Amino acid sequence: MGRLGVKSDYEELRKAQILENQARLASLGVQIAVPELRSTASKPRSEKRKYNKVDYFSTPLRRSIRLKGNNVDSCGTTPSAKRKLGLFDEGDDEDEIEKRPASAPYLRVKSDYEELRKAQILENQARLASLGVRKAVVELRSTASKPRSEKRKYNKVDYFSAPLRRSSRLKGNNVDSCGTTPPAKRKLGLFDEGDDEDDIKKRPANAPHLRVKYGLVMHLSPEALARRCNSKERGTIYDPILGICCHFCRQKKLCGEEDCKRCGDSDMDQPCLGKTDCSICHSSKGVLCRGCLKNRYGEEMEDVRDNKEWICPHCTEQKGINPYWICNSSLCLKKRKMAPTGIAIFRAREMGYKSVAHLLMDQLQGTVKSI
């Protein structure tokens with residue numbers, strides 16, 4: 001249990017001072033005066049208003065006099081409303097006004113001011129007509145006004161009666177390896193008017209025709225030539241004009257082959273030695289760089305270069321030459337509604353496969369057998 005402490009000397013002294021002060025205030029009469037001052041200074045509280053709820057169903061409905069038809073003239077206004085509008089004077093007899101028929105309503109006579117104002121207006125109009133001001137104003141307005149442009153007629157086109165326009169590329173007529181017709185190439189300025197269109201169509205995909213304006217020959221700088229052969233896999237220098245786009249990595253880089261005259265000497269008539277060309281389609285789908293060809297399909301560039309009948313993976317899949325051998329680029333996989341593999345070469349080599357295409361071929365065979 002807790003111990004009760006004895007009061008300290010400070011508390012005894014404080015209590016004695018409080019009692020002494022209270023006795024002094026009582027002798028002076030201050031304690032009695034304070035409540036009186038508070039009562040006089042305090043504001044009287046307003047009484048709370050009582051809320052009287054109105055019962056609208058028990059009271060009669062209020063209707064307009066005009067709707068009732070009582071004491072309403074032909075204009076739909078009462079005499080008191082007419083007085084507010086100033087339709088008649090204060091001295092007029094309201095009973096007489098109300099008794100007038102609707103065909104002869106009461107009208108107040110115009111004042112002298114209105115008659116004087118009308119006379120001045122007519123006088124001013126006659127003065128302007130004598131001076132010829134009105135004619136001059138009309139002439140100035142006619143000369144200053146801008147001529148209105150004729151409204152263009154809208155000719156509605158009947159698309160159902162006109163023959164439908166179809167792309168020649170979709171029809172398969174006169175289409176080259178790049179998917180564009182020679183007239184379209186001429187509009188884009190890819191070759192001159194004197195070029196042989198048949199020769200251009202037969203060009204391989206790794207040697208596309210490129211016209212240089214005004215016969216200007218494009219050369220690489222010495223620094224670029226020194227760096228070009230640093231990497232033979234995919235090349236080092238990116239060139240959007242001279243470079244050829246790879247179907248898989250889609251990089252328009254100059255190849256790193258030392259003997260390539262197209263990338264080294266800018267000779268557009270020579271094929272690129274660092275890019276492949278399919279013997280069937282001769283299209284951009286058969287263009288692969290050295291790195292993508294080896295890592296994604298397990299083939300060497302020298303073997304493909306020596307084989308003139310080489311077929312790209314896209315045509316191999318399309319023709320059905322090698323079952324389960326598909327083009328594993330992101331574009332072709334999406335068309336097959338398959339997810340792109342990404343950088344899968346390390347996983348394929350860890351599992352003992354030569355390339356990503358061999359890994360996918362086994363996976364497709366396994367899924368087919370399991371089904």
Side-chain angles (χ1 to χ4, degrees), residues 177-178 202-210 220 224-319 321-322 324-333 340-349 352-361:
S177 60
C178 298
K202 295 177 182 178
R203 294 178 69 93
N206 60 352
H209 187 81
L210 179 67
L220 297 175
L225 287 174
R227 291 187 297 107
R228 186 180 70 85
C229 299
N230 290 345
S231 174
K232 285 189 176 182
E233 295 293 327
R234 290 185 174 87
T236 307
I237 301 173
Y238 180 82
D239 194 331
I241 299 175
L242 299 178
I244 301 174
C245 183
C246 174
H247 176 60
F248 183 82
C249 63
R250 295 192 283 277
Q251 295 291 325
K252 297 185 73 174
K253 289 184 178 180
L254 302 178
C255 71
E257 307 294 331
E258 296 179 357
D259 301 334
C260 183
K261 295 182 179 180
R262 182 182 180 90
C263 298
D265 301 336
S266 302
D267 189 357
M268 297 296 106
D269 294 331
Q270 298 294 329
C272 178
L273 299 180
K275 299 291 191 302
T276 60
D277 177 48
C278 180
S279 60
I280 295 179
C281 63
H282 296 287
S283 66
S284 60
K285 296 178 181 178
V287 178
L288 297 170
C289 63
R290 180 186 285 271
C292 295
L293 182 67
K294 184 178 181 180
N295 295 332
R296 306 299 300 191
Y297 304 101
E299 300 184 49
E300 295 293 339
M301 183 62 69
E302 287 77 11
D303 299 338
V304 173
R305 200 183 302 160
D306 296 338
N307 185 12
K308 301 299 180 182
E309 301 297 329
W310 180 78
I311 302 174
C312 67
H314 183 79
C315 291
T316 303
E317 176 189 357
Q318 194 173 14
K319 300 292 182 181
I321 299 172
N322 189 2
Y324 308 112
W325 185 264
I326 63 173
C327 179
N328 54 61
S329 66
S330 60
L331 298 174
C332 295
L333 287 177
T341 60
I343 305 175
I345 182 61
F346 302 107
R347 182 165 59 91
R349 287 177 179 174
Y353 293 99
K354 189 178 180 180
S355 66
V356 180
H358 293 84
L359 173 61
L360 290 177
M361 184 170 62

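Because the structure is a prediction, the values reported are computed rather than measured. Positions are given from 1 along the sequence.
Here S329 pairs with H247 under the side-chain hydrogen bond (donor to acceptor under 3.5 Å, both in side chains) rule; sequence neighbours left out. Applying the ring pair (Phe, Tyr, Trp, His ring centres under 6.0 Å) rule to H358 yields the partners W325; only residues at least two apart in sequence or on another chain are considered. Residues satisfying the side-chain hydrogen bond (donor to acceptor under 3.5 Å, both in side chains) criterion with R250, sequence neighbours excluded, are S330. Partners of R290 according to the side-chain hydrogen bond (donor to acceptor under 3.5 Å, both in side chains) rule, which considers only residues two or more places apart in sequence or in another chain, are E257, E302. Remark: R349 engages N295 in a side-chain hydrogen bond (donor to acceptor under 3.5 Å, both in side chains) (not counting sequence neighbours).
Rounding to the nearest 0.5 Å gives a distance of 9.5 Å between CZ of F248 and CG of L331. The distance from the CD atom of Q251 to the SG atom of C246 is 8.5 Å, given to the nearest 0.5 Å. For the atom pair NZ (K252) and CG (L242), the distance works out to 9.5 Å, reported to the nearest 0.5 Å. Note that CG of N328 and OH of Y297 are 4.0 Å apart. Values are rounded to the nearest 0.5 Å. Within the model, atoms SG of C260 and CG of D265 stand 8.5 Å from one another, a figure rounded to the nearest 0.5 Å.
Closest non-hydrogen pair, L288 versus M301, comes out as O-CE, 3.9 Å. What you find for C327 and E317 is that their closest heavy atoms are N-OE1, 3.1 Å. What you find for S355 and I345 is that their closest heavy atoms are CA-CD1, 4.3 Å. Closest heavy-atom contact between W310 and E299: NE1-OE1, 2.9 Å. Of all the heavy atoms in R227 and I237, the pair that sits closest is NH1-CG1, 4.2 Å. The shortest heavy-atom contact between G286 and C281 is N-SG, 4.5 Å.
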Requested in this report: Evaluate the criterion side-chain contact (heavy atoms from CB on, under 4.5 Å) for residue pair T236 and K253; output intermediate values, then yes/no.
Outcome: CA-CA 7 Å; T236 307; K253 289 184 178 180; over 6 Å; no

Query - Worked verdict on R262 versus I244 for side-chain contact (heavy atoms from CB on, under 4.5 Å) - result: CA-CA 10 Å; R262 182 182 180 90; I244 301 174; 3.8 Å; yes

Query - Pair C332-H314, side-chain contact (heavy atoms from CB on, under 4.5 Å): steps then yes or no - result: CA-CA 8 Å; C332 295; H314 183 79; 3.6 Å; yes

**Report entry** C289 vs C255, side-chain contact (heavy atoms from CB on, under 4.5 Å): CA-CA, chis, key distance, verdict
**Finding:** CA-CA 8 Å; C289 63; C255 71; over 6 Å; no

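A salt bridge (Lys or Arg N to Asp or Glu O under 4.0 Å) check over residues 270-286, counting only residues at least two apart or in different chains, returns nothing.
In this structure, the side chain of K354 engages the main chain of G298 through a donor-acceptor pair within 3.5 Å.
Within a 6.0 Å sphere centred on CZ of F346, heavy atoms belonging to other residues, nucleotides or ligands number 12 at most.
For the side chain to side chain contact (heavy atoms under 4.5 Å, CB included) criterion with T316, the lone passing option out of N322, I326, I280 is N322.
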